[in-house]
Amino acid sequence: MNGNAGKSRRPFTFFGGKGGTGKTTCATAYAVWLASIGRRTLLVSTDPAHSLSDALGVPLSDKILPVCDNLWGIEIDAALEAKRYIGDIQDKMLSIVSPVIVDEIRRQMEIAYMSPGAEEAAIFDKFVELMEDLGNPWDAIVFDTAPTGHTLRLLSLPEILGTWIDNLIAKRRKSLELFKMAGRFEKDLMKRAMEDPVIESLTRRQKKFEKSRQYLTDSASSTFIFVLNAEKMPILETARAIELLEKYKIPVGGVIVNRVIPPEAGEFFAERLIAQEEYLRDIERRFGSKKIVRLPLLRSDVQGMKQVNVIADLIGEIDA
Ligand SMILES: Nc1ncnc2c1ncn2[C@@H]1O[C@H](COP(=O)(O)OP(=O)(O)OP(=O)(O)O)[C@@H](O)[C@H]1O
Ligand SMILES: [Mg+2]
């Protein structure tokens with residue numbers, strides 16, 4: 001395997017793209033490649049279909065498990081994480097003293113959950129948790145993300161949630177001020193106002209999101225790689241997605257064109273090959289400023305280490 005590519009400077013790599021383009025395959029192959037050059041790598045998937053386990057031929061779960069030398073894997077169960085996430089917030093809410101603010105928080109939370117989706121917020125929380133764990137013991141994390149639309153919402157969450165939490169904290173502070181005034185006459189009330197668990201929890205979450213925004217927008221920390229096929233719709237969708245990520249100042253490092261039909265494919269593919277040429281030119285025109293790697297269409301699905309290694313040998317270039 002290609003062992004001379006050196007160490008990437010960026011510890012976090014996100015793979016995104018339209019459904020079925022090969023995100024899980026590419027994320028897996030890239031993680032295997034990183035592991036092969038000696039980086040201790042964690043591969044994270046949110047795919048509910050357990051395709052990471054299929055690709056690797058190793059069963060994974062929502063706990064981090066070793067896969068092979070230098071490689072660990074985890075499949076985040078979005079529904080389970082969402083349940084935990086909401087449970088955690090609601091526990092905190094139980095300790096809220098003013099019924100007025102309970103309703104306010106609940107309303108704010110519903111709004112926030114409805115727009116980005118509870119599962120995505122929970123996944124994001126988990127992502128941040130994993131990113132914060134860098135160096136312990138892995139030094140690279142590869143994220144296999146959900147199809148484009150969801151991922152983009154997920155990655156723009158620090159913006160949305162940041163403002164949301166700011167508002168909540170301001171409201172909470174206001175209600176505490178009233179509390180403190182009342183507390184002058186009642187010791188117990190005063191004490192509860194001073195050690196407010198809601199503000200504490202919100203501030204912690206806010207710090208987490210701030211940190212994640214720093215990671216995501218720092219081209220020395222993170223890079224986002226799009227996987228697409230040489231077809232019209234994936235090209236258009238990728239162009240839109242890249243524009244959006246760049247608006248959020250999230251660096252897009254490369255584009256992987258997957259399932260490129262090889263010239264030796266034969267007569268049956270002749271017409272497709274001609275169309276593909278045009279699409280490949282379009283890809284070069286649109287995304288030429290980024291690293292572009294082409295992966296051939298293989299004879300069979302990419303399942304098990306042997307086939308993953310075929311892709312891994314080609315994909316390391318995306319990091320060059
Ligand atoms: N270059 C290739 N040659 C042949 N088969 C491929 C290639 N790349 C991916 N596949 C196969 O295509 C299928 C879809 O790939 P994959 O699961 O990686 O896509 P995905 O983008 O993660 O899909 P989803 O959006 O559903 O998560 C898999 O069965 C995979 O093995
Ligand atoms: Mg997938």
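Throughout, residue positions are numbered sequentially from 1 according to the sequence presented. What you see below is based on every heavy atom in this structure, not just the backbone, and it leaves out hydrogens, waters and symmetry mates. Whatever order the structure lists them in is the order used to number ligands and atoms, beginning at 1.
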Completion exercise
The reported gap from NZ in K18 to CG in L228 (rounded to nearest 0.5 angstrom) is 11.0 Å
Practice task
With heavy atoms only and a cut-off of under 4.0 Å, state how L295 meets ligand 1: side chain, backbone, both or neither.
Solution key: neither
Exercise for the section: Under 4.0 Å from a heavy atom of G19: give me the atoms of ligand 1 that qualify, with their elements. Expected result: 25 (O)
Handout entry: Check: L295 and C26 side chains under 4.5 Å, non-hydrogen atoms
Key = yes
Exercise for the section: Answer whether the closest heavy-atom distance between the side chains of Y248 and T217 falls below 4.5 Å. Expected result: no
Practice task
Please verify whether a non-hydrogen atom of G20 lies at under 4.0 Å from ligand 1.
Solution key: yes
Handout entry: G22 N/O to ligand 1 N/O under 3.5 Å
Key = yes
Practice task
Could you tell me whether E278 and R281 make a salt bridge, using a distance below 4.0 angstrom between a side-chain N and a carboxylate O?
Solution key: yes
Problem - P296 contact mode with ligand 1 (heavy-atom cut-off under 4.0 Å) - result: backbone
Handout entry: Test: K126 and E129 ion pair at under 4.0 Å
Key = yes
Handout entry: Option of least heavy-atom distance to atom 14 (C) of ligand 1 (set: K23, K18, R259)
Key = R259
Practice task
Tell me whether the centres of the aromatic rings in F14 and F12 are closer together than 6.0 Å.
Solution key: no
Handout entry: Distance-only N or O hit between ligand 1 and I311, under 3.5 Å
Key = no
Practice task
Report yes if the side chains of F127 and T46 come closer than 4.5 Å at any heavy-atom pair, otherwise no.
Solution key: yes
Practice task
Identify which of T145, T25, D301 has a heavy atom lying nearest to atom 16 (P) of ligand 1.
Solution key: T25
Completion exercise
Among L228, L298, I256, closest by heavy atom to atom 2 (C) of ligand 1 is L298
Exercise for the section: Please determine if the Mg ion (ligand 2) has an N/O/S atom from T25 lying under 2.8 Å away. Expected result: no
Handout entry: Presence of salt bridge, R294 and E284, under 4.0 angstrom
Key = yes
Exercise for the section: Starting from the C-alpha separation in whole Å, work towards a yes-or-no answer on side-chain hydrogen bond (donor to acceptor under 3.5 Å, both in side chains) for N229 and T21. Expected result: CA-CA 6 Å; N229 302 136; T21 46; 5.4 Å; no
Practice task
Pick one of side chain, backbone, both or neither for how N258 approaches ligand 1, counting any non-hydrogen atom pair under 4.0 Å.
Solution key: side chain
Handout entry: Check: T24 N/O within less than 3.5 Å of ligand 1 N/O
Key = yes
Practice task
Any atoms of ligand 1 less than 4.0 Å from a non-hydrogen atom of S300? List them with their elements.
Solution key: 4 (C), 5 (N)
Problem - A55 contact mode with ligand 1 (heavy-atom cut-off under 4.0 Å) - result: neither
